[in-house]
S.K.: 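Take a look at this one; I'll ask things after.
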Amino acid sequence: MAELPCDADGMCMVCKIVPEDTQVVLCNSCASPWHMACLHPPMVEVPAGDWSCPDCEPSSAAPAAVPVSCINHMDDKNNILSQIRAVQADGSLTEQEKAQRCQSIMNRAGTKLDNDIEGKKKQKMLEIFDENLNCIFCMQLADRPVTTPCGHNFCLRCFQRWVSQGKKNCGKCRAPIPSRMASQPRINSALVVAIRMAKSSTMVPSNGPVKPYVYIQNQDRPDKCFTTERAKKSGKANAASGKIFVTVPPDHFGPITAENDPIRGQGVLVGETWEDRMECRQWGAHLPHVAGIAGQSDYGAQSVALSGGYEDDEDHGEWFLYTGSGGRDLSGNKRTNDKQSFDQKFDKSNLALKVSCKKGYPVRVVRSHKEKRSSYAPETGVRYDGVYRIEKCWRKPGIQGFKVCRYLFVRCDNEPAPWTSDQVGDRPRPLPEISELKDAIDLTERKVQPAWDWKEEEGVWGWVTSPPISRKIDENGSGHKCGSRKSLTIGQRLLKEFGCGLCKKVLSLPLSTPCGHNFCKPCLESTFSGQKDIRERVGVGGRSLRTQKVVKRCPTCQGDITELLLNPQVNRQMEDVIQSLKQRADDNSDEEKENGEEAEMREAIVVDEKAEDVGDESPRENSNRDSKPVQDSNPLEQRNGDTKLKMDSLKEEQFSKICARYPDFSEDLLRSMIVDQDGDLEELEGMLKVLQKEENKRRRKTSQVSKKCNESNGGILVVEEGEGIAPKKQKNQDE
DNA sequence: GGGCCCGCAGGG
DNA sequence: CCCTGCGGGCCC
């Protein structure tokens, strides 16, 4: 059992309680506080003379000899370490990217190690980490690690103690510590991942797979927020939210679990990070895209965002003091204003928070990179940090002199926080001392048992009284009103979410464009193959339209995808998601067949509006139970098997007309496409229009290129306006 | 980096 | 239907 001191908040890192002063002994060498009862052996009385902690004076038995078996692994070890160092040193990467890369390095190491026997594995992991990712001061795996530019790691607490002594240089190499880092150290999330991985290989029982620490990259998402016609002029600044991917109602309290995540089936995990508030919203963690508080004054608050919008906020990770909203002059069409101009009151969102406080509801918390003063904020993006309870709320004069509403949030989540290398989530902890409470007015504390509480017998946090009943459940019974996808089968969803923008089939070798569209690699490449480079005039500084640049444009939105085509990297994560959905679709359809419930299942399929239009003619209505379920819930399956679709005479007639309108495509091809489209002729025609346009374009280009080449202008094609490629900016057209 | 401006979403 | 809001892009 590891021996650990008390943390910055005075909490013993072994038993997680804050011992009384009389139960704490200070190390004479490093001045760190230790809980006497958790020492080995437990200390009963404070020693009369000097006492050095286990870190400063390890017992003589401590340094274990490195087993011979491990020496063989030295190369691996150096390799892993150098890879991690390289990742950490790469300034071009965001923190999430660093974390992700570290994790994959560790995963590879882990996989390799899986072949080893358990003992060797443990030893190796320990060996790799004990000397290299340790805090320079306390020599333990760094707790809430911060990393100096010189590459040395410290516990946040040790680092803060060091700089508070006026030290301005690294404790290891004496390199100067930048003043910004000294005053605002940020936790190194990549290192947290690495440390957690290291710990898990030594501390987690061998049969328990380590839950991966997931970061989601923007491009891995199927859908994005969109820009309405009206809002186009400043891009995402005025974007409308994209689809909500989770099926919880908007007034759902508490974590978002796997059942409500039909896309990934994993729920929203602590540490998940999104590019911005819009994306955070799409995964349901915090719905308002400007406001910091999500809630209703007569019901409770579901979530808050810590984004540095109010200077009174105070962040200690596991607990923080939050400031209410309002008190600001927003005249002049402003959305925020850092100047307070009147007192805040417990009304609206502030009252909603107070309700959550009184009831003890779990409140989801996201932290944004825009919070600059907190060590716990992510370096980039918006991160979900789990649920907290509001233990008290009150008012006090804020920094700017006007009264502000104040809330004490204390973490109570079953998942460990993103900044801790702990393996487990929170345990009930005593409330921190809040000095400002002595000046508080309108203090409210919870009188009843909290609705979300620690369940001793199960050892988890959960609802001990029934959670509030959602007032916003839609007609379908559950789910967010924007997220009606629960009614689609997996196969339908696959096509809808992961359909190629060109062939309209489920993506294979998906390429994701920066503009958020996805195409099969072969489809996209063939679109541009045989084309000569297209050069476009690029406006620089408004008037000078002289610069020419080779540009390739997204077939869906005309966004610039030149870079992607130069280096077409298949989106492996998306591929994985598709594979797992396919697997699930297959499993489901097997199950359905076994149960002989195809007909019932078909009845239950709620189709989207377009499919509905086809109505009774839909082959879905095929009632022949003995025949192969032609139009089952899984269109994918159909593609590999029977590609013919039974259509009634009316539909067959319409289909023939379509075939006649598009002579460039064979009837066989169209028949297989209609299967993919669930028998929806409108969808088919829509698709054909796109394909035909592409085909026409391709032909035009080919003929032009050959013409122009003959005129020997170097094969450069100048795109004329109105040829299907939109000018980059409307503005430049005005001239 | 700061000011400005805007659409959108949701509460009431 | 009005008010509010811990965004986000652009311009300077």
Side-chain angles (χ1 to χ4, degrees), chain A residues 180 218 224-244 249-252 274-282 284-315 320-342 344-345 347-353 355 363-374 377-378 380-383 385 398-400 404-407 409 471-472 480-482 539 541-542 728-731:
Chain A
R180 166 119 190 264
N218 186 35
K224 298 192 69 116
C225 52
F226 58 95
T227 310
T228 61
E229 275 309 308
R230 189 173 170 214
K232 267 202 176 129
K233 51 180 162 178
S234 51
K236 216 174 179 182
N238 288 333
S241 153
K243 286 168 192 156
I244 307 289
D251 56 356
H252 166 83
W274 303 279
E275 193 181 304
D276 54 32
R277 288 281 293 267
M278 281 295 189
E279 288 210 337
C280 168
R281 168 188 162 74
Q282 291 190 271
H286 182 70
L287 291 170
H289 64 264
V290 177
I293 303 166
Q296 305 77 37
S297 58
D298 58 345
Y299 189 66
Q302 292 83 24
S303 57
V304 297
L306 283 151
S307 309
Y310 286 81
E311 57 185 321
D312 289 282
D313 288 359
E314 200 184 291
D315 194 358
F320 61 87
L321 295 176
Y322 195 71
T323 310
S325 67
R328 294 167 162 182
D329 174 19
L330 298 181
S331 63
N333 211 4
K334 286 190 278 289
R335 301 294 173 267
T336 57
N337 181 348
D338 42 22
K339 297 278 172 295
Q340 290 281 134
S341 48
F342 51 97
Q344 290 184 354
K345 285 190 298 198
D347 61 359
K348 300 176 189 167
S349 306
N350 295 347
L351 186 52
L353 284 174
V355 172
V363 181
R364 291 184 301 275
V365 170
V366 298
R367 283 183 173 81
S368 158
H369 71 103
K370 293 175 99 177
E371 170 57 89
K372 296 297 180 202
R373 298 161 307 146
S374 163
T380 55
V382 180
R383 186 187 63 208
D385 285 347
I399 293 172
Q400 298 186 20
V404 290
C405 297
R406 301 284 280 168
Y407 303 87
F409 279 72
R471 305 186 301 184
K472 300 188 179 186
H480 192 279
K481 61 181 171 187
C482 310
K728 200 173 179 188
K729 284 227 166 174
Q730 209 69 26
K731 247 193 233 170

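Throughout, protein chains are lettered first and strands after them, A, B, ... in sequence-line order, and every chain is numbered starting at 1.
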S.K.: Strictly below 4.0 Å: does Ser325(A) bring a side-chain N or O up to OP1 or OP2 of dG5(C)?
M.R.: yes

S.K.: Select base, sugar-phosphate, or nothing to describe what Ile293(A) touches, counting heavy atoms under 4.0 Å on all strands.
M.R.: nothing

S.K.: Does either side chain, that of Thr323(A) or that of Arg406(A), offer a donor lying less than 3.5 Å from an acceptor on the other one?
M.R.: yes

S.K.: Which comes earlier along DNA chain B counting from the 5' end, the contact point of Asn333(A) or that of Ala240(A), where each point is its nearest nucleotide?
M.R.: Asn333(A)

S.K.: Does Gly332(A) reach a base, just sugar-phosphate, or nothing at all? Heavy atoms under 4.0 Å.
M.R.: nothing

S.K.: Measure the distance from CG on Asp347(A) to P on dG5(C) and round it to the nearest whole Å.
M.R.: 9 Å

S.K.: Could you state the CZ-C1' distance from Arg277(A) to dA9(B), rounded to the nearest angstrom?
M.R.: 12 Å

S.K.: Could you check which of dG8(C), dG11(B), dA9(B) has an atom nearest any side-chain atom of Ser241(A)?
M.R.: dA9(B)

S.K.: Do any side-chain nitrogens or oxygens of Lys370(A) fall under 4.0 Å of OP1 or OP2 in dG7(C)?
M.R.: yes

S.K.: Heavy atoms only, 4.0 Å cut-off, all strands: where does Asp313(A) land among base, sugar-phosphate and nothing?
M.R.: base

S.K.: Within this structure, what is the CD-to-P distance between Glu229(A) and dC8(B), rounded to whole angstrom?
M.R.: 11 Å

S.K.: Taking atom C1' of dC3(C) as reference, at what distance in whole Å does atom NZ of Lys345(A) sit?
M.R.: 14 Å

S.K.: Reckon Lys472(A) has a side-chain N or O less than 4.0 Å from the OP1 or OP2 of dG11(B)?
M.R.: yes

S.K.: Say whether, by atom type as modelled, one donor and one acceptor occur between the side chain of Arg364(A) and the main chain of Ala305(A) under 3.5 angstrom.
M.R.: no

S.K.: Closer than 4.0 Å, any side-chain N/O of Arg281(A) to the OP1 or OP2 of dG10(B)?
M.R.: yes

S.K.: What is the nucleic acid contact for Tyr322(A), judged by heavy atoms within less than 4.0 Å: base, sugar-phosphate only, or nothing?
M.R.: base

S.K.: Can you tell me how far P of dC6(C) sits from CH2 of Trp274(A), to the nearest Å?
M.R.: 19 Å

S.K.: Please determine whether a side-chain nitrogen of the Lys or Arg among Arg471(A) and Asp298(A) lies less than 4.0 Å from a carboxylate oxygen of the Asp or Glu.
M.R.: yes

S.K.: Map His369(A) and Gly327(A) onto DNA chain C by nearest heavy atom, then report which one ends up closer to the 5' terminus.
M.R.: Gly327(A)

S.K.: If a pair means Watson-Crick or G-U wobble with both distances below 3.5 Å, what does DNA chain B look like in dot-bracket form, with | marking bases paired to a different strand?
M.R.: ||||||.|||||

S.K.: Between Asn238(A) and dC8(B), is there a contact of a side-chain N or O with OP1 or OP2 at under 4.0 Å?
M.R.: no

S.K.: Would you call Arg277(A) and Glu279(A) a salt bridge, using N to O less than 4.0 angstrom?
M.R.: no

S.K.: Using the closest heavy atom to pick a nucleotide of DNA chain B for each, name whichever of Gln302(A) or Lys334(A) lands nearer the 5' end.
M.R.: Lys334(A)

S.K.: Identify which nucleotide among dG8(C), dC6(C), dG12(B) has an atom closest to any side-chain atom of Asp298(A), counting heavy atoms from C-beta outward.
M.R.: dG12(B)

S.K.: Looking only at side-chain N and O atoms, does Arg230(A) come under 4.0 Å of OP1 or OP2 in dC8(B)?
M.R.: yes

S.K.: Does Lys339(A) come within less than 4.0 Å of Glu311(A), counting only side-chain N to carboxylate O?
M.R.: no

S.K.: Taking only the side-chain heavy atoms of Ser307(A) (C-beta and beyond), determine which of dC8(B), dG8(C), dG7(C) contains the nearest atom.
M.R.: dG7(C)

S.K.: Between Phe342(A) and Arg328(A), is there a cation-pi geometry (under 6.0 Å to ring centre, at most 45° from the normal)?
M.R.: no

S.K.: Starting at CG of Asp276(A) and ending at P of dG9(C), how long is that distance when rounded to a whole Å?
M.R.: 7 Å

S.K.: With sugar-phosphate meaning primed atoms plus P, OP1 and OP2, does Thr323(A) contact a base, only sugar-phosphate, or nothing at under 4.0 Å between heavy atoms?
M.R.: base

S.K.: In whole Å, what is the span from the CG atom of Leu287(A) to the C1' atom of dC6(C)?
M.R.: 16 Å

S.K.: Report which part of the nucleic acid Ser297(A) touches: base, sugar-phosphate, or nothing (heavy-atom distance under 4.0 Å, all strands).
M.R.: sugar-phosphate

S.K.: Inspect the contact between Asp385(A) and Arg367(A) and indicate whether a charged nitrogen and a carboxylate oxygen are less than 4.0 angstrom apart.
M.R.: yes

S.K.: Can a donor-acceptor pair be found between the side chains of Ser341(A) and Asp329(A) at a distance below 3.5 Å?
M.R.: no

S.K.: What is the distance, to the nearest angstrom, from the NZ atom on Lys372(A) to the C1' atom on dG2(B)?
M.R.: 14 Å

S.K.: Name the nucleic acid region contacted by Ala237(A), choosing base, sugar-phosphate or nothing; use a 4.0 angstrom heavy-atom cut-off, strictly under.
M.R.: base

S.K.: The criterion is ring pair (Phe, Tyr, Trp, His ring centres under 6.0 Å); which residues satisfy it with Tyr322(A), sequence neighbours excluded?
M.R.: Phe409(A)

